[in-house]
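In what follows, a single structure is set out as structure tokens and then discussed.
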Amino acid sequence: MISPFGLTIIKTFERFKPRRYLDAVGVPTIGYGHVIRPDETFPGKISEADAVILLKQDVFVAETAVDRLVRPPSRNYYRCQREALVSWTFNLGEGNLTESTMLRRMNEGADYIEIAEQMIRWVHGGGERLGGLVRRRHCEAIWYMGAPDEIVLALARKAWR
């Protein structure tokens, strides 16, 4: 399960938005980056408490994907590495993790520097390089490499500025 710190970092990246909006690539979203499914309706606003519930459900899906797809011995990683991967997967989805060179190289035993280099390649949305994603990926890569929590949090706070 993700730590409170890991959840805080994802919340910081996503920023709470109480009303439905279209993300950078036009996907209907609400709360802390919750992708609105066709069977869901959110008339008006949602509370931050409800957004946190959705976030925890979505993070659990990302955690499950990471735990299923990352094979031993690669799974012998630190909390910061797992949580950086969960954040990456939360943002980009299980399908992108499954198809990524990052996952393949991780499962082949690549070192943590190569994995961090692979992480930062994923900065495009809708065919464009997005500055916010560049900053987020660099923060996740630094998190993955074991930067102290206070540095990761400071970088996450700057990710969308």
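Note that these values count all heavy atoms, side chains included, but never hydrogens, waters or copies made by symmetry.
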Check [X] against [Y] and note the closest heavy-atom contact, atom names and distance.
X	Y	result
G31	A51	CA-CB, 3.8 Å
V25	G125	CG1-C, 3.2 Å
I120	R137	CG2-O, 3.5 Å
Q81	Y144	CG-O, 2.9 Å
T89	A65	CG2-CB, 4.3 Å
N107	R71	OD1-N, 2.7 Å

Note, [X] side chain near [Y] side chain (heavy atom, < 4.5 Å):
X	Y	answer
V35	D58	no
K11	V52	yes
L22	T29	no
F42	R19	no
F13	N91	no
L97	M102	yes

Rounded to the nearest 0.5 Å, what separates atom [atom1] in [X] from atom [atom2] in [Y]?
X	Y	atom1	atom2	value
L7	Y32	CG	OH	9.0 Å
F60	M1	CZ	CE	9.0 Å
C139	W88	SG	CH2	15.5 Å
L103	L85	CG	CG	9.0 Å
I2	R79	CD1	CZ	9.0 Å
M119	E140	CE	CD	5.5 Å

* To do: Determine, for R136 against E14, whether the closest basic-nitrogen to carboxylate-oxygen distance falls under 4.0 angstrom.
  =>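 Counted as a salt bridge, because a side-chain N and a carboxylate O are separated by less than 4.0 Å.
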* **Lys/Arg N to Asp/Glu carboxylate O, D23 vs K17, below 4.0 Å** => no
* Do I53 and D50 pass the side-chain contact (heavy atoms from CB on, under 4.5 Å) test, and can you show the C-alpha distance, the side-chain angles, and the key distance before you say yes or no? -> CA-CA 5 Å; I53 290 169; D50 287 340; 4.2 Å; yes
* Do any pairs count as a side-chain hydrogen bond (donor to acceptor under 3.5 Å, both in side chains) and have a residue in residues 95-104, sequence neighbours left out, and if so which ones? -> R104-E108
* **Pair listing, side-chain hydrogen bond (donor to acceptor under 3.5 Å, both in side chains) test, anchored in residues 120-130, at least two apart** => Q118-R121
* To do: Show your reasoning for whether side-chain contact (heavy atoms from CB on, under 4.5 Å) applies to E94 and T64.
  => CA-CA 9 Å; E94 179 180 343; T64 302; over 6 Å; no
* To do: Determine, using the 4.5 Å side-chain heavy-atom cutoff (strictly less than), whether I115 and I113 are members of one ILVMFWY cluster.
  =>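 I115 clusters together with I113.
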* Asked: I10 and E83: side-chain contact (heavy atoms from CB on, under 4.5 Å), yes or no, with the steps?
  -> CA-CA 9 Å; I10 294 172; E83 291 187 351; over 6 Å; no
* Asked: Under 3.5 Å, side chain of H34 to main-chain N/O of I30, donor-acceptor pair present?
  ->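 Side chain of H34 to backbone of I30, a donor-acceptor pair under 3.5 Å: no, none is there.
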* Kindly check if the number of other-residue, nucleotide or ligand heavy atoms within 6.0 Å of OH (Y112) is above 12? => no
* Asked: Parallel, tilted or perpendicular: which describes the rings of W143 and F5, with under 30° parallel and over 60° perpendicular?
  -> perpendicular
